[in-house]
Amino acid sequence: MDATPSYLEQLIAGGLLLPTGVAGLYGRSQIFERVVEAIDALVTRTGGGDGAEVLRFPPGLSRRDFEDSEYLKSFPQLAGTVHSFCGDERAHREVLRCIEVGEDWTRDQAATDIVLTPAACYPVYPVLARRGALPEAGYLIDVQSYCFRHEPSLEPTRMQMFRMREYVRIGTPEQVTGFRALWLERGEALVRTLALPHIVDVANDPFFGRAGRVLADSQRVQKLKFELLIPVNSTAQPTACLSFNYHMDHFGQIWKLAGRDGATAHTACVGFGLERTALALFRHHGFEPAHWPSPVQSVLWPSA
Ligand code: AMP
Ligand code: ZN
C-alpha cells in the first residue's frame, strides 16, 4: 500500500480544504481564500487597464438561455440542473417517509427555471445580445463566477464547484483573435511572476460521446483552445489552470450577436481557474503563504 498521502489528503490535513463527504465539493480556509482573492486581484491588475465592463452573475443561468446555448449537445455529462419540491402536502409526507426509510426522495422534485453556470462567460452572451447591435469597438467583459461541473474526482484540481475568472471579448474576428493572442502572452507572464513551472499547449474540451471525438479533433486542428498547464497533482499529467478559447462565430450565431453592419460577431474568452491556480501555488511554494518566495508574495500582495 502507498503510504504517501495524496495531495488532496495533504490539503485536508493542512486545513486548506474542508471535506464535505462529496468528492469535488469542499469548504475553503481563510488562507486558501486569501490566495484566491490575491490571484483574482492580480488578474484585475493585469487586465484592468483595458477598460473592461465588470459584470457579476449569481452561479445560475436561466434554463431557457442554457437550452439555447447548446451546452447539452456537447457536454450533457457535466451539466447540473436545479430542481425543487413542487408537490402538495401528501407529496411532502412521502418525501419525509422516503428519507426516513432511505428510499429515493427526489422523485417529486421538478426542474426549476435555473441551471447551474458551467463556465463564467455563459450568462454574458445572451445578456449582451439583448442590448441590440454591438458597439463599434465590440465588448470586453470581466466576469467571475462559481461554476458547476458534474465531474466528481479525488484530484483536488477537479472540483464540482469552483470559481472561474474570465475576460470575454466579443467583436470582429481581428479584435477577438488579437485579444486571445495578447492574453496568451499576459497569462504566461503572470504565471512566470508566480514562479510556477508551466507549459502552454493546444487543447480540446471534453465533448461527449463518439461524435464528440470529431469535435475535439477539429477544435485541436483549428487551434481554437490553448491551455496553460502546471504540474499540481501527484500524477504525471499537468493541470490546465488557464484557458484561452476562440469560439469563432459559435456564440454569435446562437445569440444573434452582430455589429451594425449585420456581420455575426466572433467571441473569445480567457479563463483563470482560481482554485487551480491557488492549488498550484500551495503545491510549489508550500502551505504557508508567509513563507513563499518574497518576489511571489510581492506580486500577490503588492501593498503588504
Ligand atoms: P474550461 O472552460 O474547461 O477551459 O475551464 C476554464 C478554467 O476553469 C480551466 O482552465 C481551469 O483552470 C478551470 N476549471 C475547469 N474545470 C475545473 C474543475 N473541475 N475544477 C476546478 N477548476 C476547473
Ligand atoms: Zn469562457
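Order of appearance sets the numbers: ligands from 1, and atoms from 1 within every ligand.
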Any N or O of R158 that comes nearer than 3.5 Å to an N or O of ligand 1?
-> no
Any Q160 heavy atom less than 4.0 Å to ligand 1 = no
Flag yes if more than 12 heavy atoms outside L154 fall under 6.0 Å of its CG atom; otherwise flag no.
-> no
Can you list the ligand 1 atoms lying under 4.0 Å from a non-hydrogen atom of T157?
-> 18 (C), 20 (N), 21 (C), 22 (N)
Salt bridge D201-K223, side-chain N to carboxylate O under 4.0 Å | no
The closest protein heavy-atom partner of atom 13 (C) of ligand 1 is G273 CA, 3.8 Å
Could you tell me if any non-hydrogen atom of A119 lies under 4.0 Å from any atom of ligand 1?
-> no
Indicate yes or no: does an N/O atom of C241 lie under 3.5 Å from an N/O atom of ligand 1?
-> yes
Does the distance from a Lys or Arg side-chain N to an Asp or Glu carboxylate O, for R34 and E37, drop under 4.0 Å?
-> no
Is there at least one pair of N or O atoms, one from K225 and one from ligand 1, spaced under 3.5 Å apart?
-> yes
No-hydrogen, no-angle side-chain donor-acceptor test under 3.5 Å, D249 and T264 = no
Is the distance between the ring centroids of F32 and F282 under 6.0 Å?
-> yes
Could you name the option among S243, C269, P118 that has the heavy atom nearest to atom 9 (C) of ligand 1?
-> S243
Report yes or no: does T267 contribute a side-chain atom to a donor-acceptor pair with the main-chain N or O of I170 at less than 3.5 Å?
-> no
Determine, using ring centers only, whether Y146 and F162 are less than 6.0 Å apart.
-> no
If you count the atoms of ligand 1 from 1 in the order shown, which ones are under 4.0 Å from a heavy atom of E151?
-> 16 (N), 18 (C), 19 (N)
State whether the shortest distance between N or O atoms of E227 and N or O atoms of ligand 1 falls below 3.5 angstrom.
-> no
Decide whether the shortest distance between a heavy atom of M164 and an atom of ligand 1 is less than 4.0 Å.
-> yes
Nearest non-hydrogen protein atom to atom 15 (C) of ligand 1, with distance, is R149 NH1, 3.6 Å
Exercise: do N233 and T235 side chains pair donor with acceptor under 3.5 Å = no
Counting only protein N, O or S atoms (no waters) closer than 2.8 Å to the Zn ion (ligand 2) gives 3
Between D40 and R163, is there a side-chain N and carboxylate O pair less than 4.0 Å apart?
-> no
Take R130 and D65, measure what salt bridge (Lys or Arg N to Asp or Glu O under 4.0 Å) needs, and give me the verdict at the end.
-> CA-CA 12 Å; R130 286 177 194 123; D65 286 344; 2.7 Å; yes
Aromatic centroids of F75 and F208 separated by under 6.0 Å = no
Any idea which atoms of ligand 1 are less than 4.0 Å away from a heavy-atom of L242?
-> 10 (O)
Residue that, paired with Y246, satisfies side-chain hydrogen bond (donor to acceptor under 3.5 Å, both in side chains) out of R169, R180, K225, H266 | H266
Has ligand 1 got any nitrogen or oxygen that is less than 3.5 angstrom from a nitrogen or oxygen of F162?
-> no
Got a sec: does the CZ of R56 have more than 12 other heavy atoms crowding it under 6.0 Å?
-> yes
